[in-house]
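Naming: A, B, ... by sequence-line order, numbering from 1 per chain.
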Amino acid sequence: MPSPVRCRMIRTRLIDALRAALAESGVEPLPATIEIGRPARAEHGDWSSNVALVCAKAASRRPRDLAQDLVERITARPPAHVRRVEVAGPGFVNFHLDHGWLHDVLRQVIAEGVAGYARHDFGAGTAVNVEFVSANPTGPLHVGGGRWAAYGDTLCNILARCGYAPHREYYLNDRGRQMDAFAESLIARREGVEPPDDGYHGDYIGEWAAEMPGDADAGEWGYARARRDVAESLARLGVRFDTWSSERELVRSGAVDAALATLRDRDAAYDADGAVWLRSADGGDDKDRVLVRSDGEPTYLLPDIAYHADKLARGSHLLIDVWGADHHGYVERLTAGFCALGNRREQLEIVLGQLVTVMRGATEAKISKRAGNLVLLDDLVDLVGADAARMTFLLQSLASRQTIDLDVVAAQSMENPVFYVQYAHARVCSLAATAAERGIERPPLAEVPLGALDQARELAVLRTLHALGDVVGEAARERAPHKLTTWVRELAGAFHGFYHDCPVLRSDVAPPLRAARLWLTEATRIGLVIALELLGVSAPERMDTLTPDDAEEAVE
RNA sequence: GCGCUCGUAGCUCAAUUUGGACAGAGCGUCUGACUACGGAUCAGAAGGUUGGGGGUUCGAGUCCCUCCGAGCGCGCCA
């Protein structure tokens, strides 16, 4: 049985009141959705709606007049917690509430807990395959790969919390010229000569060649070595894949031939100039693209089309590919091939992320494994740790270019926002530990007078906690995990402010207020843990005190 | 040249997809705050014609056009 707190959220109540008022005042048709938001400025109330602005034209009313009408009707029968409703600005309807609605939020957070709060079911069990990283298995993972790893893994966490069934997948391009060049480079280094110009020139090639047994098949040995290396680097960042798919295996199993046959059957492929072409121009691409080269070898495109069909065949209903922006020219041709197989365009979503620029001081480090001068994901994790590394990647929207200057990251590692958030969690735990030491117990929530929570700092924490459900939903729908990062920093900030101004366990705090604040602290813990778990960042119970010496060392 | 993406405070970014009220944080700078719970904290100040211009709208950082600047892409490579 749903709790009364849960089933009637404030937003729903206010929207219902607005809808009723609109109907009474004769607005027709009623808008499909009524928007209500939390204004940035306190004098605009706790909640605000622009319905009067939106409906004015259709209703042939002046926005402020319509708003005034709504206000009067709502004032006649105000929903719970509503103290005052007023017209403001060009025709906003602003609701001023008592603090009770925020105390309801606290009760809801506690009732639903880490497992249940800010959870959605709009994913409706949809199996979604998220493919990310998928770097060629020809070397270790560079720093840029970490961005896709942190993004993809966190997106999956968020999707899962919204009722999707995500599947984490890594695609191995384990055949073709890149693999050949990789093998040739290993052999060259083993024999003490320079790899070919179009081969791989990173330092790791020499190191790996030295490890390689003399009788090993360089291609196979190197492939296994690279896979292991990449998997270990990802594991250090807390990322594990459900499936590592192999291009080679797709060829071997006949899936690639089958895809080609289907494309031919559907007249989406044709022969010309000795090659086989995809009618990608029909699917929105600039021109048709080669599927099978005139030497009989498939290009990258054909196995990739087969691969996407395979992902669907394995049970996924939605495919999300996370690609670097340098591949954007490839989007149309893959989409064309995907649709040419008879799939719906909506089933394939390609998220493009701007590339990471890696700097070492003033000089840019190249990201190409072929060029050498490589900065590895491991290097970053060594430098700042997994939590800070992950947080760094999740700080920004994928659409922004990200510059990681290793010198700056190292020098400022103690200022990484991750510590600000983790410290908030450690403080929560510290309060609980101190309370336990002193034998102070939290009375059952139902017996605690939450009305005692009326300080701006306390209410700010509750307002932030209220937003988590919306943030998780938005992060999932917009494929934007960084929104959660932004939110958790806000919650940590609100809590630090509360902690600073509102003593909890101090002897001069009356027991009822102390109890209310302890519950507020517990609700904060729940919010922090939910967000940190989704972000894949640890929530330590205590953090070692930093001394100036530690800070010095960290810079070294 | 064509296409895609981006341009917000000194720096790094959020808000842009779904138009909403006076554009928010952090870092850096300056000034302050604990002998009670952890100062990895808190408060205040300074800092913006949201790259320029035009348009749509009651309302534009957000939508449209144009110009400027940056990155990337335009292979029978992956």
Under 4.0 Å, heavy atoms only, any strand: does [X] hit a base, just the sugar-phosphate, or nothing?
X        : result
A:Glu43  : base
A:Asp508 : base
A:Pro417 : nothing
A:Asp273 : base
A:Ser507 : base
A:Ala88  : base
A:Asn94  : base
A:Arg438 : sugar-phosphate
A:Ala275 : base
A:Ser430 : base
A:Arg62  : nothing
A:Cys429 : nothing

Please determine whether a side-chain nitrogen or oxygen atom of [X] lies at a distance below 4.0 Å from atom OP1 or OP2 of [N].
X        : N      : answer
A:Gln354 : B:rU5  : no
A:Lys287 : B:rC2  : no
A:Ser400 : B:rA14 : yes
A:Tyr423 : B:rA40 : yes
A:Lys483 : B:rA15 : yes
A:Arg457 : B:rA43 : yes
A:Arg177 : B:rC77 : yes
A:Arg293 : B:rC77 : yes

Within the modelled atom types, does a donor on one side and an acceptor on the other bring the side chain of A:Ser48 and the base of B:rA21 under 3.5 Å apart?
->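 Between B:rA21 and A:Ser48, which were checked side chain against base, a qualifying N/O pair under 3.5 Å is present.
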
Is the base of B:rC77 touched by the side chain of A:Glu297 through a donor-acceptor pair closer than 3.5 angstrom?
->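 It does not, because no donor-acceptor pair links the side chain of A:Glu297 to the base of B:rC77 below 3.5 Å.
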
Measuring only the [atom1] atom in each nucleotide, how far is [N] from [M]? A whole number of Å is fine.
N      : M      : atom1 : result
B:rC63 : B:rA21 : P     : 15 Å
B:rU16 : B:rU57 : P     : 24 Å
B:rA36 : B:rG47 : C1'   : 38 Å
B:rA33 : B:rG54 : P     : 49 Å
B:rC58 : B:rA46 : P     : 36 Å

[X] and [Y]: side-chain donor and acceptor closer than 3.5 Å?
X        : Y        : answer
A:Asp288 : A:Tyr270 : yes
A:His500 : A:Arg457 : no
A:Gln178 : A:Asn173 : no
A:Glu332 : A:Ser280 : no

Spacing between [X] atom [atom1] and [N] atom [atom2], to the nearest angstrom:
X        : N      : atom1 : atom2 : answer
A:Arg401 : B:rU8  : CZ    : P     : 10 Å
A:Asp326 : B:rC77 : CG    : C1'   : 13 Å
A:His425 : B:rG38 : NE2   : P     : 15 Å
A:His496 : B:rC34 : NE2   : C1'   : 16 Å
A:Asp501 : B:rC34 : CG    : P     : 13 Å
A:Leu398 : B:rC4  : CG    : C1'   : 16 Å
A:Arg427 : B:rG38 : CZ    : P     : 8 Å
A:Met543 : B:rU41 : CE    : P     : 10 Å

Identify, between A:Tyr420 and A:His328, the residue whose nearest nucleotide on RNA chain B lies closer to the 5' end.
->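 The residue mapped nearer the 5' terminus is A:His328.
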
Would you mind telling me which residue lines up with the more 5' stretch of RNA chain B, A:Pro63 or A:Glu35, judged by nearest nucleotide?
->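 Of the two residues, A:Glu35 wins.
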
Looking only at side-chain atoms of [X], point me to the closest of [options].
X        : options                : answer
A:Met414 : B:rA40, B:rA14, B:rC74 : B:rA40
A:Asn136 : B:rA78, B:rG20, B:rC76 : B:rA78
A:Arg41  : B:rC22, B:rG75, B:rC27 : B:rC22

For residues [X] and [Y], determine if any side-chain heavy atom of one lies less than 4.5 Å from a side-chain heavy atom of the other.
X        : Y        : answer
A:Pro90  : A:Leu53  : yes
A:Tyr223 : A:Leu172 : yes
A:Ser49  : A:Ile34  : yes
A:Val351 : A:Tyr151 : yes

Just say parallel, tilted or perpendicular for the rings of A:Tyr171 and A:Tyr300, cut-offs at 30° and 60°.
->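 The arrangement is perpendicular - the two ring planes meet at more than 60°.
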
My understanding is that a pair needs two contacts under 3.5 Å, Watson-Crick or G-U wobble. By that rule, which nucleotide pairs with [N]?
N      : result
B:rU12 : B:rA25
B:rU62 : none
B:rU57 : none
B:rG3  : B:rC72
B:rU41 : B:rA33

Face-to-face contact [X] to [N] six-ring, under 5.5 Å, under 30°:
X        : N      : value
A:His500 : B:rA43 : no
A:Phe92  : B:rA21 : yes
A:His327 : B:rA78 : yes

Evaluate the salt bridge (Lys or Arg N to Asp or Glu O under 4.0 Å) criterion for residues A:Asp198 and A:Arg177: first the C-alpha distance (whole Å), next the side-chain angles of each, then the deciding distance (0.1 Å), finally the verdict.
-> CA-CA 10 Å; A:Asp198 60 351; A:Arg177 292 183 183 173; over 6 Å; no

